[in-house]
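Working notes for the structure below.
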2 protein chains.
Amino acid sequence: MSVPCICTTLRSASRRMIAFYDETIAPVGVNIAQFSLMRSIARVEPVTLTALGRRVELDRSTIGRNVRVLEKMGLVELGRGEDQREATVALTEAGHKVLEDGAPLWDGAQKALDDRLGVEFMRQLHVALDSL
Amino acid sequence: MSVPCICTTLRSASRRMIAFYDETIAPVGVNIAQFSLMRSIARVEPVTLTALGRRVELDRSTIGRNVRVLEKMGLVELGRGEDQREATVALTEAGHKVLEDGAPLWDGAQKALDDRLGVEFMRQLHVALDSL
DNA sequence: ATGGATTGCGGGTATATGCCCGCGTAAGGC
DNA sequence: GCCTTACGCGGGCATATACCCGCAATCCAT
């Protein structure tokens with residue numbers, strides 16, 4: 001009894017980390033999920049929603065909705081692919097600027113954790129989480 | 001570049017684990033978040049929403065909403081505390097039965113992970129995540 | 001080329017989660 | 001005992017996330 005499952009522990013840690021990163025990245029006007037998604041877009045833009053979803057392991061409909069929020073914020077632009085079914089997404093100037101401005105904040109959060117817990121610990125944690 | 005932040009890695013791992021546990025626990029009719037919350041309730045019922053929220057580190061409003069879903073499912077009962085402001089929650093018979101029936105499923109998921117990754121690995125991961 | 005299978009989306013539905021506001025109750029200071 | 005402060009909640013608002021359905025476009029085998 002009272003042994004929490006790894007899932008609960010993971011969800012809890014995830015919520016705490018999200019709160020920490022959200023606060024860190026807040027000055028540029030997005031949350032960490034949005035920042036992270038924009039970083040993913042930046043690497044392959046323009047990209048279709050389905051392809052992006054596969055890359056980041058999120059449901060396509062989730063990508064579609066999240067991207068629409070970013071569109072309303074003027075950070076990404078939606079377009080059509082050669083295949084008329086495809087909806088593509090790419091960062092706007094403003095979007096690129098957010099990534100640029102956010103990078104040092106993001107680095108700061110990363111560094112704060114490395115300092116507190118040790119680079120090696122963080123590296124191993126990364127590997128461990130990826131193996132789940 | 002391309003170094004994903006621990007937050008992203010954590011969120012991703014969390015989603016995967018949630019999907020795994022959701023599937024595992026699905027036969028009893030709840031998801032892992034609900035099962036986990038019910039387990040927490042079981043340890044201290046009847047308990048006020050605020051007290052429960054503090055225990056599980058969730059916003060009170062989140063607890064309130066999640067508990068209402070469980071109430072509609074007939075798994076918990078809401079009541080009033082001595083303090084007229086307080087709303088209390090306790091498991092119903094059906095709720096206790098879900099925990100009982102779900103326990104072996106939950107154990108199975110736990111064991112599957114222990115087998116695949118090693119008990120010691122899982123123990124260390126627990127400790128690591130709690131330290132975040 | 002034509003009809004069936006596949007693919008890509010949008011929208012509906014549902015849960016999880018956090019923050020903020022306003023209301024009503026309880027507790028404390030004087 | 002009264003008034004101010006603190007506390008507990010519900011509801012509103014917003015995001016993240018998944019699954020399913022139906023539509024439209026594309027592809028493929030015959």
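Each chain gets a letter, A, B and so on, in the order the sequences are listed, and its residues count up from 1. What you are looking at is a predicted structure, and each value in this text was computed from that prediction instead of being measured.
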Taking the side chain as every heavy atom from C-beta outward, state whether [X] and [Y] have any pair of such atoms under 4.5 Å apart.
| X | Y | value |
| --- | --- | --- |
| B/Cys5 | B/Thr8 | yes |
| B/Leu37 | B/Ile63 | yes |
| B/Gln34 | B/Asn66 | no |

Between [atom2] of [N] and [atom1] of [X], the distance in whole Å:
| X | N | atom1 | atom2 | answer |
| --- | --- | --- | --- | --- |
| B/Phe35 | C/dA16 | CZ | C1' | 18 Å |
| B/Leu37 | C/dT15 | CG | P | 14 Å |
| A/Arg11 | C/dT15 | CZ | P | 15 Å |

Give a yes or no answer on whether the side chain of [X] reaches the backbone of [Y] with a donor-acceptor pair at less than 3.5 Å.
| X | Y | result |
| --- | --- | --- |
| A/Thr92 | A/Leu75 | yes |
| A/Thr62 | A/Leu58 | no |
| A/Asp22 | A/Ile32 | yes |
| A/Glu45 | A/Leu91 | yes |

Tell me which of A/Asn66 and B/Thr48 sits closer to the 5' end of DNA chain D, going by the nucleotide each one is nearest to.
->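 Nearest-nucleotide comparison on DNA chain D picks B/Thr48.
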Cationic N near anionic O, under 4.0 Å, B/Arg123 to B/Glu120 =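 Answer for the salt bridge query: yes.
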Which residues satisfy the side-chain hydrogen bond (donor to acceptor under 3.5 Å, both in side chains) test with B/Ser12, sequence neighbours excluded?
->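 Partners of B/Ser12 under the side-chain hydrogen bond (donor to acceptor under 3.5 Å, both in side chains) test: B/Arg16.
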Would a hydrophobic clustering, with Ile, Leu, Val, Met, Phe, Trp and Tyr connected at side-chain separations under 4.5 Å, put B/Phe121 with B/Phe20?
->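 They do share one cluster, since a chain of ILVMFWY contacts under 4.5 Å joins B/Phe121 to B/Phe20.
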Working for salt bridge (Lys or Arg N to Asp or Glu O under 4.0 Å), residues A/Lys111 and A/Asp107 | CA-CA 6 Å; A/Lys111 185 164 185 326; A/Asp107 286 340; over 6 Å; no
Those residues that, when tested against A/Arg80, pass salt bridge (charged side-chain N to carboxylate O under 4.0 Å, His left out) (two or more places apart) =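 Once residues adjacent in sequence are excluded, A/Arg80 has no partner under the salt bridge (charged side-chain N to carboxylate O under 4.0 Å, His left out) criterion.
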Residues within residues 68-86 of chain B bordering DNA chain C, heavy-atom distance below 4.0 Å |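 B/Val69, B/Asp83, B/Gln84, B/Arg85 - these, ordered by number, are the residues of the stretch whose heavy atoms sit under 4.0 Å from the strand.
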Strand contacts (DNA chain C) in residues 17-31 of chain B, 4.0 angstrom heavy-atom criterion =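 Those residues are B/Asn31.
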Short heteroatom pairs, N/O only, protein and nucleotides 19-21 of chain D, under 3.5 Å:
from: D/dC19; atom 1: N4; to: A/Ser61; atom 2: OG; distance (Å): 2.5

Between C/dT17, C/dC9, D/dG10, which one does the side chain of B/Leu58 approach most closely?
->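 Side chain of B/Leu58 sits closest to C/dT17.
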DNA chain C: A/Thr50 or A/Arg15, which has the more 5' nearest nucleotide?
->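 Closest to the 5' end, via its nearest nucleotide, is A/Thr50.
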In degrees rounded to 10°, what angle is found between the helical axes fit to the five outermost pairs at each end of the helix from C/dA1-D/dT30 to C/dC30-D/dG1?
->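 Computed from the C1' atoms at both ends, the axes differ by 10°.
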Just do the side chain to side chain contact (heavy atoms under 4.5 Å, CB included) check on A/Leu113 and A/Met17 with the steps written out, would you?
-> CA-CA 10 Å; A/Leu113 288 171; A/Met17 201 53 75; 3.9 Å; yes
